[in-house]
Trainee: 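Before I ask anything, let me first share the structure, which is written out below as structure tokens.
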Amino acid sequence: MPAEISLVIPTLNAAGELPDCLDTMMEGLAAGLIRELIITDGGSQDATGRIADAAGARFILGTASRGGQLQRGCKLAKGNWLLVLHADTQLEAGWSKVVSQHLRDGRGRPAYFRLRFRARGIMPRLVASWANLRSRMFGLPYGDQALLIQRSDYNAAGGYRDQVLMEDVALVRRLNRVVELPVHAITSAIRYQKEGWLRR
């Protein structure tokens, strides 16, 4: 199978999280899935740019707005598929086999990953369980769950809108029903821990 996926990661001062995120993507390179890495940055003041350069990424700099950053990154992507991943999210080991099978057998459907937090306790489990249930019932995954989508479907849906929040929901609502992949996207719980699990 030729390398079909453009990996697109939005960043803003992500030097603390980005290396671990990229490490989990190495199996996709080894499997011949990933065609290119695009890091679309919102003006980081840390080492994000140097990390991107060391990883061989195409580094795009623009205004800080996750929707706008993703819009710019996806516009320049050359792959037949886009894999949009947050910098503080890591895909579970074995993800490349699941994605390869989906590309072969998934009839081109957009897909997302199961959510899990890098935190212990009842609240991380409850929030992740609710998010996964909501995704299955209503087809509305969080951006933290990543999105795997054919470029043709992305273009037909009008792509990401230039908005600061909820850019992921705005796009998914315009897609045909997305499907869950049986592997986890493991994401940071820092925002929830700072703001409070119930409040966020």
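Computed from a predicted model, the values in this text were never measured in an experiment. When a residue number appears, it is its place in the shown sequence, counting from 1.
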Trainee: Can you name the closest pair of heavy atoms from L85 and P10 and give their distance?
Mentor: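 Smallest heavy-atom distance, with atoms named: O-CD, 3.3 Å.
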Trainee: Counting only heavy atoms not in M26, do more than 12 sit closer than 6.0 Å to its CE atom?
Mentor: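 More than 12 heavy atoms, drawn from other residues, nucleotides or ligands, come within 6.0 Å of this atom.
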Trainee: Is there a chain of hydrophobic side chains (I, L, V, M, F, W, Y, each step under 4.5 Å between heavy atoms) that links L37 to L12?
Mentor: no
Trainee: Evaluate the side-chain proximity of E27 to K97: yes if any heavy-atom separation is below 4.5 Å, no if none is.
Mentor: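 The answer is no, as the side chains (C-beta and beyond) never meet within the 4.5 Å cut-off.
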Trainee: Any salt bridge linking D144 with R191? Criterion: basic side-chain nitrogen under 4.0 Å from a carboxylate oxygen.
Mentor: yes
Trainee: Near I122 CD1, under 6.0 Å, is it more than 12 heavy atoms from other residues, nucleotides or ligands?
Mentor: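 No, not enclosed.
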Trainee: More than 12 non-hydrogen atoms from neighbouring residues, nucleotides or ligands closer than 6.0 Å to CZ on R173, yes or no?
Mentor: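 Result for CZ/R173: open.
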Trainee: Would R109 and D153 count as a side-chain contact (heavy atoms from CB on, under 4.5 Å) here? Give the steps.
Mentor: CA-CA 9 Å; R109 297 278 295 278; D153 288 337; over 6 Å; no
Trainee: M166 and Y154: same hydrophobic cluster, using ILVMFWY side-chain contacts below 4.5 Å?
Mentor: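 Result: yes, single cluster for both.
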Trainee: Checking side-chain contact (heavy atoms from CB on, under 4.5 Å) against L148, which of V98, L103, V179, V178 comes through?
Mentor: L103
Trainee: How about W95 and M25: do any of their side-chain heavy atoms sit closer than 4.5 Å?
Mentor: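 The answer is yes, as the side chains (C-beta and beyond) meet within the 4.5 Å cut-off.
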Trainee: If you define the side chain from C-beta out and look only at heavy atoms, does anything of T187 sit under 4.5 Å from H86?
Mentor: no
Trainee: Determine whether V127 and I190 fall in the same hydrophobic cluster, where Ile, Leu, Val, Met, Phe, Trp and Tyr are linked whenever their side-chain heavy atoms lie under 4.5 Å apart.
Mentor: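 In one cluster: no.
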Trainee: Has E167 got a side-chain atom pairing as donor or acceptor with Y160's backbone, closer than 3.5 angstrom?
Mentor: no
Trainee: To the nearest 0.5 Å, how far apart are OG1 in T40 and CG in L61?
Mentor: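 Rounded to the nearest 0.5 Å, the OG1-CG separation comes to 8.5 Å.
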Trainee: Please find the pair of heavy atoms, one from T11 and one from Q69, that lie closest to each other, and give the distance.
Mentor: O-NE2, 3.1 Å
Trainee: Less than 4.5 Å apart, side chain to side chain, heavy atoms only: is that true for R72 and I38?
Mentor: no
Trainee: Where is the tightest heavy-atom contact between S6 and G79, given as atom of each residue plus distance?
Mentor: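 In this case the closest contact between S6 and G79 is OG-N, 2.8 Å.
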Trainee: Taking the six-membered ring of Y142, is NZ or CZ of R134 closer than 6.0 Å to its centre and within 45° of its axis?
Mentor: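 Yes; both conditions hold, so R134 lies above the ring face of Y142.
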Trainee: With side chains defined as the heavy atoms from C-beta onward, is the minimum distance between L147 and D168 less than 4.5 Å?
Mentor: no
Trainee: The test is side-chain contact (heavy atoms from CB on, under 4.5 Å); show your working for D53 and F59 and say whether it passes.
Mentor: CA-CA 7 Å; D53 184 63; F59 188 73; over 6 Å; no
Trainee: Rounded to the nearest 0.5 Å, what's the gap from CG on L82 to CD on Q150? Could you check?
Mentor: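 Atom-to-atom, L82:CG and Q150:CD are 9.5 Å apart.
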Trainee: Answer yes or no: is there a side-chain heavy-atom contact under 4.5 Å between D20 and D23?
Mentor: yes
Trainee: Same cluster or not: are I34 and I9 linked, directly or through other Ile, Leu, Val, Met, Phe, Trp or Tyr residues, by side-chain heavy atoms under 4.5 angstrom apart?
Mentor: yes
Trainee: Nearest 0.5 angstrom please: L165 CG to R66 CZ, how far?
Mentor: 7.0 Å
Trainee: Any heavy-atom pair between the side chains of V183 and L91 that's under 4.5 Å?
Mentor: no
Trainee: Of all the heavy-atom pairs spanning N13 and S44, show the shortest one and how long it is.
Mentor: N-OG, 2.6 Å
Trainee: For R50, I'd like to know if atom CZ has over 12 heavy atoms of other residues, nucleotides or ligands within 6.0 Å.
Mentor: no
Trainee: For R174 and G158, which heavy atoms make the closest approach, and how far apart are they?
Mentor: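 Smallest interatomic distance, heavy atoms only, reads NH2-C, 4.0 Å.
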Trainee: Can you name the closest pair of heavy atoms from F117 and P124 and give their distance?
Mentor: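 F117 and P124 have their closest heavy atoms at CD1-O, 3.5 Å.
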Trainee: With a 4.5 Å limit on heavy-atom distance, are the side chains of W81 and R151 in contact?
Mentor: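 Of all side-chain heavy-atom pairs linking R151 with W81, none is under 4.5 Å.
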Trainee: Mind checking the CD-CZ spacing from Q90 to R116? Nearest 0.5 Å is all I need.
Mentor: 10.5 Å
Trainee: Measure the CG-CD distance between L76 and E36 for me, rounded to the nearest 0.5 Å.
Mentor: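 If I round to the nearest 0.5 Å, the distance is 8.5 Å.
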Trainee: Decide yes or no on side-chain contact (heavy atoms from CB on, under 4.5 Å) for V99 and F113, but give the supporting numbers first.
Mentor: CA-CA 10 Å; V99 167; F113 297 80; 3.9 Å; yes
Trainee: In this structure, would V84 and I186 fall into the same cluster of hydrophobic residues linked by side-chain contacts under 4.5 Å?
Mentor: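 Not linked; separate clusters.
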